[in-house]
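Below: one structure, written as structure tokens.
Note that the structure is a prediction, hence the values are computed from the model and not measured.
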Amino acid sequence: MARRYHHGDLRQAVLTEAVEVLGESGPAAVNLRDLARRVGVSHAAPAHHFGDRSGLLTAVAAQGFDLLADTLEELPPSSDLLEAGVAYVSSAVEHRAHFEVMFRPELLREDDPDLRAAQARSNQALDWAIAGFRDGSVDPVVAGAAAWSLVHGFATLWLQRALPADVGDDVEAAARSVAELLVRGANPPRG
């Protein structure tokens with residue numbers, strides 16, 4: 001494989017390759033020695049930046065939380081919980097490799113300050129979406145867990161190709177129709 005690293009940002013070069021490997025083969029395939037070979041540096045060079053595999057995956061997860069926050073922060077001020085949910089699903093699909101490790105604590109250093117900061121930033125970006133539940137009618141923690149369960153579950157099922165084909169092939173339209181059913185309070189008649 002041709003060398004991709006040319007005295008630039010080695011840390012970012014290794015992260016980019018790690019994301020590529022994650023996208024191709026999942027977390028089990030990520031190892032620092034192979035990534036060093038892929039970027040054309042000594043096998044010890046990535047360890048200087050990440051320490052070990054867990055440090056590398058933690059950096060990928062932190063990057064993923066920042067990408068999620070970026071997506072949510074780009075929503076127009078008039079957006080609501082539904083639009084935030086669709087944006088969450090879109091971000092997960094667009095950044096699948098990151099999503100593969102973001103919620104896998106067994107792979108990460110949960111006390112890493114960069115990870116914690118990125119998680120806090122994405123949580124803050126999501127927090128406004130459940131603000132409508134702060135009127136006392138619904139516990140906002142439960143509302144947040146319900147909304148997250150819906151969009152995270154949908155994203156996971158979409159990425160695993162486990163949803164029925166009838167849902168369609170447009171992830172945003174499919175996520176919107178599924179979330180709208182619950183978020184807008186549609187109650188089909190029992191029959």
Side-chain angles (χ1 to χ4, degrees), residues 12 15-16 18-20 22-23 57-105 107-108 110 112-191:
Q12 187 56 51
L15 277 171
T16 299
V19 168
E20 190 172 313
L22 283 163
L57 293 175
T58 299
V60 171
Q63 192 176 57
F65 281 110
D66 278 332
L67 290 166
L68 173 60
D70 290 345
T71 298
L72 294 167
E73 289 167 355
E74 290 172 4
L75 289 171
S78 61
S79 298
D80 60 6
L81 180 59
L82 176 64
E83 292 309 313
V86 172
Y88 182 100
V89 171
S90 295
S91 181
V93 170
E94 184 178 346
H95 305 290
R96 177 184 187 146
H98 294 88
F99 190 73
E100 293 278 337
V101 298
M102 288 167 61
F103 304 98
R104 301 275 308 271
L107 299 176
L108 308 176
E110 292 187 284
D112 180 83
D114 292 338
L115 177 63
R116 286 181 173 257
Q119 287 170 324
R121 183 173 165 236
S122 69
N123 287 340
Q124 184 176 11
L126 282 168
D127 195 43
W128 64 267
I130 60 165
F133 293 105
R134 294 212 170 89
D135 64 0
S137 63
V138 177
D139 180 343
V141 173
V142 173
W148 186 33
S149 296
L150 172 71
V151 296
H152 189 85
F154 185 89
T156 300
L157 292 169
W158 182 275
L159 290 170
Q160 293 175 353
R161 296 186 179 125
L163 291 168
D166 294 349
V167 170
D169 59 3
D170 180 339
V171 68
E172 288 188 14
R176 183 170 282 107
S177 65
V178 168
E180 194 167 55
L181 181 69
L182 297 176
V183 171
R184 301 281 188 233
N187 293 314
R190 289 189 165 185

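Not a single salt bridge (charged side-chain N to carboxylate O under 4.0 Å, His left out) links Glu172 to another residue, sequence neighbours left out. Applying the ring pair (Phe, Tyr, Trp, His ring centres under 6.0 Å) rule to Phe65 yields the partners Phe103; only residues at least two apart in sequence or on another chain are considered.
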| request: Mind running side-chain hydrogen bond (donor to acceptor under 3.5 Å, both in side chains) on Glu20 and Thr16 for me, showing each step along the way? | output: CA-CA 6 Å; Glu20 190 172 313; Thr16 299; over 6 Å; no
| request: Before giving the answer on side-chain contact (heavy atoms from CB on, under 4.5 Å), spell out for Asp70 and Arg121 the whole-Å C-alpha distance, their side-chain angles and the decisive distance to 0.1 Å. | output: CA-CA 9 Å; Asp70 290 345; Arg121 183 173 165 236; 2.4 Å; yes
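Inter-residue side-chain proximity for Glu94 and Thr71 is flagged as unmet; no heavy-atom pair is nearer than 4.5 Å.
One distance of note links CD of Gln63 with CG of Leu115; it measures 12.0 Å at 0.5 Å rounding. Here the CG-CZ distance, from Leu82 to Arg176, works out to 6.0 Å after rounding to the nearest 0.5 Å. Leu22 CG to His95 NE2: the interatomic distance, rounded to the nearest 0.5 Å, is 14.0 Å. Note that OG1 of Thr58 and CZ of Arg104 are 12.5 Å apart. Values are rounded to the nearest 0.5 Å.
Atom CG of Asp169 has 12 or fewer neighbouring heavy atoms from other residues, nucleotides or ligands inside a 6.0 Å radius.
Ion pair Glu110/Arg116 not flagged as a salt bridge, since none of the NZ, NE, NH1 or NH2 atoms sits closer than 4.0 Å to an Asp/Glu carboxylate oxygen.
For the pairing with Leu72, the side chain to side chain contact (heavy atoms under 4.5 Å, CB included) check across Leu126, Leu67, Asp127 returns one residue only, Leu126.
Looking at Ser91, its side chain never comes within 3.5 Å of a backbone N or O of Ala87 through a donor-acceptor pair.
Ring geometry for Tyr88 against Phe99 counts as perpendicular: the plane angle is over 60°, on a 0 to 90° scale with 30° as the lower cut.
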